[in-house]
Amino acid sequence: MARADAILLMAYGSPDSMDDVGAYYTHIRGGREPSAAAVAGLRERYRRVGGRTPLLDITRQVQSALQHRLMGGHGHAPRVYIGMKHWHPFIGDTIRVMQADGITHVTALPLAPHYSRMSIGGYRKAVEQALAEHQAALEVRFISSWHSHPAFVELMSNRVRSALERFPAGDGGPVTTVFTAHSLPEKIRQWNDPYEDEVRRSGAAVAAGLQLDAWRVAWQSAGATGEPWIGPDILDMLTTLAREGARRVLQVPIGFVSEHLEILFDVDIEAQERAGELGITLRRTEMPNASEEFVAVLASVVADADSLTAIPVA
């Protein structure tokens with residue numbers, strides 16, 4: 001593939017207001033309307049985090065910062081675009097804009113480090129559908145996984161180190177570090193999906209570099225679909241740790257890079273409430289968001305696309 005003249009950063013998407021929650025939820029479900037109770041439950045979560053999340057704002061900040069970094073004062077660099085899987089600006093709309101702008105070669109990068117057919121595969125499907133729908137003559141190289149990139153591991157190691165240093169020394173015993181990522185239905189195991197292994201390898205790489213003795217992997221934000229999801233859930237893990245005598249826990253949401261509902265509610269409210277009930281002091285690492293360090297990671301990932309799992313999109 002020729003050198004990319006554009007980079008497409010893709011994120012999950014988040015409704016602009018509580019009035020949009022129903023339509024957003026319907027899109028996640030592939031056009032099937034959720035029950036009124038399900039929408040009310042999701043709306044309540046958004047209400048508790050202020051009515052909306054900063055995901056789109058953060059992604060736009062990342063877009064701007066990455067564009068600036070790639071230009072490096074030279075004025076010649078791939079143009080950086082953003083597209084969302086489940087809300088505006090949709091990936092398909094962005095593909096149409098790129099086509100109108102005369103873009104010919106694209107590096108597509110989901111802002112999620114670990115591959116699963118259900119998650120990252122959804123981004124790829126959205127790109128494929130947009131190319132077909134708009135008959136876009138774009139050559140797209142899709143980076144499907146960057147969980148083990150040295151720059152990402154270093155970033156997360158620095159985040160964990162800083163968070164551990166903020167725990168008062170000798171107060172409450174050792175700190176147990178728990179790496180978390182979004183749970184997915186257990187059926188992915190039937191596909192030999194690499195998701196679980198990639199998450200564990202990311203956590204293990206960070207733990208090894210920091211020589212962590214007490215660390216675990218747990219899952220969070222499972223959907224209410226009536227089928228089994230990967231566990232243990234972080235709420236259950238906290239209960240287990242409390243039973244084992246742990247009193248200080250650092251949660252590292254290594255499967256996420258931005259503050260959104262799964263962080264602001266599922267971690268900062270729900271997990272914190274459970275920890276309080278159990279007498280555990282729970283803290284989490286600072287999210288990468290649009291930090292200079294994270295933008296540098298993305299620049300490295302794009303530069304190393306040929307050595308990653310970068311697959312041309314037909």
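All residue numbers in this chain count up from 1 along the given sequence.
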Please report, to 0.1 Å, the donor-acceptor pairs under 3.5 Å made by any side chain of residues 205-216, with sequence neighbours excluded.
residue: Arg216; atom: NH2; partner: Glu244; partner atom: OE1; Å: 2.7

Hydrophobic clustering (ILVMFWY, side-chain heavy atoms < 4.5 Å, transitive) - are Val301 and Met287 grouped together?
no
Return yes when atom CD of Glu227 has more than 12 non-hydrogen atoms of other residues, nucleotides or ligands closer than 6.0 Å, and no otherwise.
yes
Distance check, rounded to the nearest 0.5 Å: Leu8 atom CG versus Gln63 atom CD?
10.0 Å
Is any NZ, NE, NH1 or NH2 atom of the basic residue among Asp93 and Arg96 found under 4.0 Å from an Asp or Glu carboxylate oxygen of the other?
yes
Note: Val21 and Tyr46 closest approach over all heavy atoms is CG2-CD1, 3.9 Å
Do you see a donor-acceptor pair shorter than 3.5 Å between the side chains of Ser145 and Glu198?
yes
Would Met98 end up clustered with Val127 when hydrophobic side chains under 4.5 Å apart are linked, directly or stepwise?
yes
If the threshold is 4.0 Å, N to carboxylate O, is there a salt bridge linking Glu33 and Arg29?
no
Distance-only side-chain donor-acceptor flag, His114 / Ser202, under 3.5 Å:
yes
Nearest 0.5 angstrom please: Ile91 CD1 to Leu9 CG, how far?
11.0 Å
Run the ring-centre check on Phe152 versus His147 and record whether the distance is less than 6.0 Å.
no
Quick one: which residue pairs count as a side-chain hydrogen bond (donor to acceptor under 3.5 Å, both in side chains) with a foot in residues 48-61, not counting sequence neighbours?
Ser14-Thr53, Arg48-Glu273, Arg52-Asp57
Shared ILVMFWY cluster between Ile28 and Val49, side chains joined below 4.5 angstrom?
yes
Trace of the salt bridge (charged side-chain N to carboxylate O under 4.0 Å, His left out) decision for Asp266 with Arg45
CA-CA 9 Å; Asp266 296 1; Arg45 290 177 175 232; 2.9 Å; yes
Run the ring-ring contact (aromatic ring centres under 6.0 Å, His included) check on His27 and Tyr25 step by step: do they pass?
CA-CA 5 Å; His27 193 276; Tyr25 204 170; over 10 Å; no
Closest non-hydrogen contact found for Phe142 with Ile120 is CE2-CG2, 3.6 Å
Distance only, no hydrogens: is a donor on one side chain within 3.5 Å (strictly under) of an acceptor on the other, for Thr104 and Asp5?
yes
Contacts of Arg247 that satisfy salt bridge (charged side-chain N to carboxylate O under 4.0 Å, His left out) - sequence neighbours left out:
none
Under the salt bridge (charged side-chain N to carboxylate O under 4.0 Å, His left out) rule, what do Glu270 and Arg274 come out as? Steps first, then yes or no, please.
CA-CA 6 Å; Glu270 193 171 47; Arg274 176 63 59 87; over 6 Å; no
Could you walk me through whether Leu261 and Leu42 satisfy the side-chain contact (heavy atoms from CB on, under 4.5 Å) test, starting with their C-alpha distance in whole Å, then the side-chain angles of each, then the deciding distance to 0.1 Å, before giving a yes or no?
CA-CA 10 Å; Leu261 194 66; Leu42 186 57; 3.7 Å; yes
Could you check whether any side-chain heavy atom of Lys125 comes within less than 4.5 Å of a side-chain heavy atom of Gln129, counting everything from C-beta outward?
yes
Measuring from atom CD1 of Ile95 to atom CZ of Phe90, what distance do you get when rounded to the nearest 0.5 angstrom?
14.0 Å
Can you tell me how far apart CD1 (Ile254) and CE (Met156) are? Round to the nearest 0.5 Å.
5.0 Å
Set out, in order, the CA-CA distance, both residues' side-chain angles and the distance that settles side-chain contact (heavy atoms from CB on, under 4.5 Å) for Arg284 and Asp268, then state yes or no.
CA-CA 8 Å; Arg284 69 161 168 86; Asp268 292 353; 2.7 Å; yes
If you look at every heavy atom in Asp233 and Ser221, which pair is closest and at what distance?
OD1-N, 4.2 Å
Only one of Thr176, Thr180, Thr285 passes side chain to side chain donor-acceptor pair (under 3.5 Å) with Gln251, and that residue is Thr180
State plainly whether one hydrophobic cluster holds both Val267 and Tyr12, where clusters connect Ile, Leu, Val, Met, Phe, Trp and Tyr through side-chain heavy atoms under 4.5 angstrom apart.
no
Atom CH2 in Trp87, atom CG in Leu56: separation rounded to 0.5 Å?
11.5 Å
Examine Val297 and Ile263 and state if one hydrophobic cluster contains both, with Ile, Leu, Val, Met, Phe, Trp and Tyr joined whenever side-chain heavy atoms are less than 4.5 Å apart.
no
Do the rings of Trp229 and His182 sit parallel, tilted or perpendicular, given the 30° and 60° boundaries?
tilted
